[in-house]
**Student:** 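Mind having a look at this structure? Questions to follow.
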Amino acid sequence: MTEGVDLLLPDGHTVRVPSGTPVGAVLRDWAPDRASRFLAALVEARPVDLAFPVAGSGRIAPLTFDDRAGRDILQHSSAHLVAKGVVETIPSARPTHGPPTDEGFYYDFDVRPFTPTDLDQIRAAMDRSIQAREPFRRREISRADAERLFAENRYKLGYIADTPAGDAISVYDTGAFTDLCRGPHVPDTSFLAGVHILGFSAITPETEGAAALQRIRGVGFPTKRELDDYLKMRAEAARRDHRTIGQQQELFLFQDVAPGFPIWLPNGMLVVRELERYVTEHLRSAGYREVRTPLMFHRSVYERSGHWEHYRENLFTSTVDDQEFAWKPMNCPGSMLIFGSRPRSYRELPLRLAEFAPLHRLEASGTLHGLMRVRELVQDDAHIFVTEEQIEPEIRVLLDWVRSAFTTFRLRWSYELSTRPPSFLGEAADWDRAEATLEKLLRESGVEYRVSPGEGAFYGPKIDIHIRDSMNRPWQTGTIQLDYQLPRRFALEYQGADGQLHRPVVVHRTILGTWERFVGVFIEHCAGRWPPWLAPVQVRILPVAERHVDAARGFVEELQGAGLRAELAGSEESLPKRIRSAELERIPYVGVLGDREAESSTVSVRIRGTKEGRTLSRPELIAYVADRVRRREYDP
RNA sequence: GCCGCCAUAGCUCAGUCGGUAGAGCGGCUGAUUUGUAAUCAGCAGGUCGGGAGUUCGAUUCUCUCUGGCGGCUCCA
């Protein structure tokens with residue numbers, strides 16, 4: 001006679017079942033219509049297999065793909081399935097670990113590099129397993145048995161050794177494959193029909209010289225349908241890749257002779273100039289002064305700034321007159337030299353020096369990525385020299401400016417606060433105070449932020465701004481960094497109201513980050529549909545037939561006279577063809593001018609993204625577009 | 001930088017089991033003068049990424065270099 005246990009269900013009902021009943025059976029009886037989505041369960045908030053026998057009274061709940069924990073269980077089970085496929089395909093492969101990630105999962109193997117043929121075989125093995133509905137069976141075994149079982153796998157032996165003495169060691173069997181694992185898992189492999197391998201690659205070993213592990217990345221969904229939706233979404237995202245659109249719209253290009261050095265074409269340069277103008281307008285009203293400092297300095301400058309020691313591998317160097325020079329990777333040294341060029345008074349602070357100069361960074365070849373990661377870049381950079389008391393108000397203003405700018409671009413951004421690294425310069429108390437100030441300001445901003453302990457620069461804590469590209473890859477754009485070190489290294493001082501000499505603090509900051517990365521991210525964000533103020537061509541006028549060309553040209557000149565980027569598309573091609581082209585080029589406003597319009601001095605306007613046309617008088621169209629451009633409206 | 005993959009016309013791609021290549025779009029020319037997502041015809045355009053090797057012969061096979069892509073690491 002088994003004892004009964006009382007189980008509290010998510011809806012508040014309680015059921016009594018015999019002790020030892022699988023929690024999955026209880027949940028299935030409770031919600032039979034939804035049970036096929038149940039992947040695992042929570043028993044007293046602990047994730048367990050659906051087969052877990054309830055042993056005591058308590059609270060239970062199902063886990064589905066919609067719960068992060070349930071999602072992770074499905075991803076991790078998918079990783080097991082991959083490992084099973086790998087071991088069946090390459091028996092010498094040693095699985096190491098296979099955790100879920102934000103996007104999906106990966107599994108690392110100690111094995112020779114994979115080939116595409118391996119992948120085909122691995123996929124086939126996985127499919128066979130899914131077809132066979134192989135259950136995930138949990139076993140708890142003794143430490144000695146575990147060590148025997150994984151005698152050939154030093155990684156697993158390491159995990160066993162790391163398991164605290166009292167803890168159970170569990171393994172999961174899937175068909176003939178056994179993996180060391182805490183679990184829980186989905187009930188059987190038929191739950192993994194929506195698994196997909198995204199790719200494979202070697203990963204850089206943690207310790208120098210160690211053999212590289214091979215990683216297989218994948219993603220799992222509860223059903224094939226959901227996987228298909230995901231793959232469709234990825235295909236759509238690939239279409240808005242900034243490299244593709246950059247080529248289609250002739251914004252920029254790269255050539256073999258200058259890897260990582262963007263070549264800005266007229267259309268792209270136009271966008272950059274508009275962005276520059278946008279930022280510069282703000283600088284003027286916010287009390288900045290623009291400067292320009294050399295692109296190249298003698299190495300002694302970098303020895304002083306610390307770049308020679310900490311950033312050496314990223315410096316482009318040149319030898320001039322037998323002296324070693326380096327191309328500047330950042331603008332800070334130049335600004336330090338300016339500040340230190342004469343005695344300074346507290347009355348000059350905050351001193352805000354902005355510089356948009358080309359910077360050179362010798363980034364590792366394998367990391368170059370379109371405009372997102374380049375070797376020559378321009379930041380909307382500034383260095384603000386402040387007193388300790390001025391830090392807070394100054395950064396508050398910067399965060400306001402970030403909000404305003406990213407709202408204009410309709411970008412969703414998040415902050416990352418990076419705090420004191422293990423090896424840091426300066427006083428811990430200063431760091432604590434600065435970090436507390438930054439975090440307080442972030443909390444006030446109301447924008448999502450996370451803290452990365454120990455990730456700060458060696459010279460000070462920082463706030464980074466992140467936005468994501470079309471493939472949901474995060475990119476850092478702007479950054480706000482507090483720096484106590486460069487002022488010290490460059491022996492910067494100002495005379496305070498008390499007559500004493502004090503050391504300023506420097507705020508390094510960029511808002512959009514670099515034109516290169518910002519343009520890249522924004523292309524993907526707007527999918528090439530530039531807001532009118534950024535669009536390389538804002539208005540295109542199409543005369544219906546040859547006899548309308550003169551009138552159309554006259555109107556184009558009027559538009560241009562009003563400061564708009566307008567152009568004529570003559571009648572060499574059919575009207576439908578020209579409309580199609582304008583549509584594909586994402587031109588915000590297309591005006592058609594024919595007999596009807598000529599008569600009434602109007603223009604028939606096609607607004608990007610809308611089906612129906614509007615007929616406006618010519619001055620009306622000019623005023624309408626000019627107004628939207630001036631206000632930097634996002635949509636046509 | 002590490003691992004794998006890729007490189008054919010301006011672009012997107014096909015092709016050659018080793019006998020030096022094709023399409024669509026784009027470009028140019030001509031005809032058409034067009035009313036809201038592709039008018040028709042003709043022509044031009046390629047030492048098949050660079051170098052070396054194997055071979056009677058290499059765009060094709062091998063090696064190597066360069067560049068790109070996806071990851072890893074790093075980062076604006």
Side-chain angles (χ1 to χ4, degrees), chain A residues 106 108 111-119 198-206 208-217 238 241 243-244 247-248 250 253-260 311 313-314 329-330 359 361-381 455 457 462 464-467 471 473-479 481 508-518 520-521 542-549 570-585 590-597 604-607 611-613:
Chain A
Y106 65 82
D108 290 340
V111 66
R112 60 161 172 78
F114 291 116
T115 66
T117 316
D118 294 333
L119 261 279
L198 289 167
F200 61 92
S201 71
I203 61 169
T204 300
E206 281 191 17
E208 191 97 15
L213 298 178
Q214 306 296 322
R215 173 169 298 180
I216 292 185
R217 294 182 316 117
D241 189 306
R243 292 164 298 191
T244 309
Q247 182 176 280
Q248 288 165 349
E250 297 197 24
L253 54 84
F254 289 89
Q255 297 209 340
D256 289 2
V257 289
Y311 206 72
E313 66 281 9
N314 280 322
M330 300 169 191
L359 305 176
R361 300 180 182 180
L362 183 49
E363 301 292 352
S365 58
T367 65
L368 301 178
H369 182 93
L371 285 181
M372 303 297 204
R373 195 171 171 83
V374 294
R375 286 176 168 171
E376 184 184 74
L377 51 101
V378 181
Q379 295 179 318
D380 60 331
D381 202 6
E455 293 296 312
K462 57 176 185 162
D464 292 327
I465 301 161
H466 295 269
I467 47 187
M471 298 304 274
R473 287 176 290 218
W475 293 99
Q476 182 186 329
T477 56
T479 182
Q481 310 186 348
H508 305 244
R509 109 288 177 284
T510 66
I511 304 299
L512 303 186
T514 70
W515 305 135
E516 289 76 15
R517 183 174 290 180
F518 188 82
V521 172
L542 317 182
V544 171
E546 187 66 45
R547 63 182 177 281
H548 310 116
V549 168
S571 64
E572 300 82 13
E573 282 166 329
S574 72
L575 186 63
K577 175 74 173 287
R578 284 174 285 154
I579 287 180
R580 179 181 149 85
S581 298
E583 205 67 56
L584 291 175
E585 289 171 57
V590 177
V592 175
L593 215 155
D595 287 335
R596 292 203 292 271
E597 292 78 10
S604 150
V605 186
R606 244 183 108 102
I607 298 175
K611 283 276 186 309
E612 83 280 19

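Model, not experiment: these values are computed from the prediction. Labels below follow one simple rule: chain letters A, B, ... track the order of the sequence lines, proteins then strands, and each chain is numbered from 1. When reading the values below, keep in mind they use all heavy atoms of this one structure, side chains included, and skip hydrogens, waters and symmetry mates.
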**Student:** Distance check, rounded to the nearest 0.5 Å: A/D380 atom CG versus A/I511 atom CD1?
**Tutor:**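 A/D380 atom CG to A/I511 atom CD1 measures 6.5 Å (nearest 0.5 Å).
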**Student:** Can you tell me if the side-chain N/O atoms of A/Q214 get under 4.0 Å from OP1 or OP2 in B/G71?
**Tutor:**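 For B/G71, OP1/OP2 do not have a side-chain N/O of A/Q214 under 4.0 Å.
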**Student:** Nucleotide by nucleotide, 5' to 3', does protein get under 4.0 Å of the base (B), only the sugar-phosphate (S), or neither (-) in nucleotides 33-45 of chain B, counting heavy atoms?
**Tutor:** BBBBBBS------
**Student:** Could you walk me through whether A/E583 and A/R606 pass the side-chain contact (heavy atoms from CB on, under 4.5 Å) check?
**Tutor:** CA-CA 9 Å; A/E583 205 67 56; A/R606 244 183 108 102; 2.7 Å; yes
**Student:** Over all strands shown, is A/A212 touching base, sugar-phosphate only, or nothing at heavy-atom distances under 4.0 angstrom?
**Tutor:**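 No contact.
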**Student:** How are the rings of A/W475 and A/H369 set to each other: parallel, tilted or perpendicular (split at 30° and 60°)?
**Tutor:**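 A/W475 vs A/H369 ring planes: tilted.
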**Student:** Check every strand shown and say whether A/V374 touches a base, only sugar-phosphate, or nothing at a heavy-atom separation below 4.0 Å.
**Tutor:**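 If one applies the 4.0 Å heavy-atom cut-off, A/V374 turns out to touch a base.
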**Student:** Using the P atom as the point on both nucleotides, what is the distance between B/U73 and B/U64, in whole Å?
**Tutor:**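 Each nucleotide's P atom is 27 Å from the other's.
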**Student:** For nucleotides B/G22 and B/C43, find the distance between their P atoms and express it as a whole number of Å.
**Tutor:**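 About 14 Å, rounded to a whole number of Å.
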**Student:** Both atom distances under 3.5 Å, Watson-Crick or G-U wobble: I'd like the secondary structure of RNA chain B as a dot-bracket string, with | for pairs made across strands.
**Tutor:** (((((((..((((.....[..)))).(((((.......))))).....(((((..]....))))))))))))....
**Student:** Would you kindly give the CG-to-P distance between A/L377 and B/A76, to the nearest whole Å?
**Tutor:**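 To the nearest whole Å, that distance equals 10 Å.
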**Student:** Measure from CG on A/L253 to P on B/G67 and round the result to the nearest Å.
**Tutor:**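 For the pair A/L253 CG and B/G67 P, the rounded distance is 16 Å.
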**Student:** Quickly work out the A/K462 NZ to B/A76 C1' distance and round it to whole Å.
**Tutor:**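 About 9 Å, once rounded to whole Å.
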**Student:** Are A/H508 and A/D381 close enough that a side-chain donor and a side-chain acceptor fall under 3.5 Å?
**Tutor:**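 There is no such pair between these side chains.
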**Student:** Contact class for A/R509 (heavy atom, under 4.0 Å): base, sugar-phosphate, or nothing?
**Tutor:**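 No contact at all - A/R509 keeps every heavy atom at 4.0 Å or more from the nucleic acid.
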**Student:** Quote, to the nearest angstrom, the P distance that separates B/G26 from B/U39.
**Tutor:**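 It works out to 9 Å between them.
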**Student:** Quick check: any donor-acceptor pair below 3.5 Å linking the side-chain of A/R373 to the base of B/C74?
**Tutor:**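 Yes.
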**Student:** Taking atom P in both B/C25 and B/G70, compute the distance separating them and give it to the nearest angstrom.
**Tutor:**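 To the nearest whole Å, 29 Å.
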**Student:** Under 4.0 Å, heavy atoms only, any strand: does A/T367 hit a base, just the sugar-phosphate, or nothing?
**Tutor:**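 Base contact.
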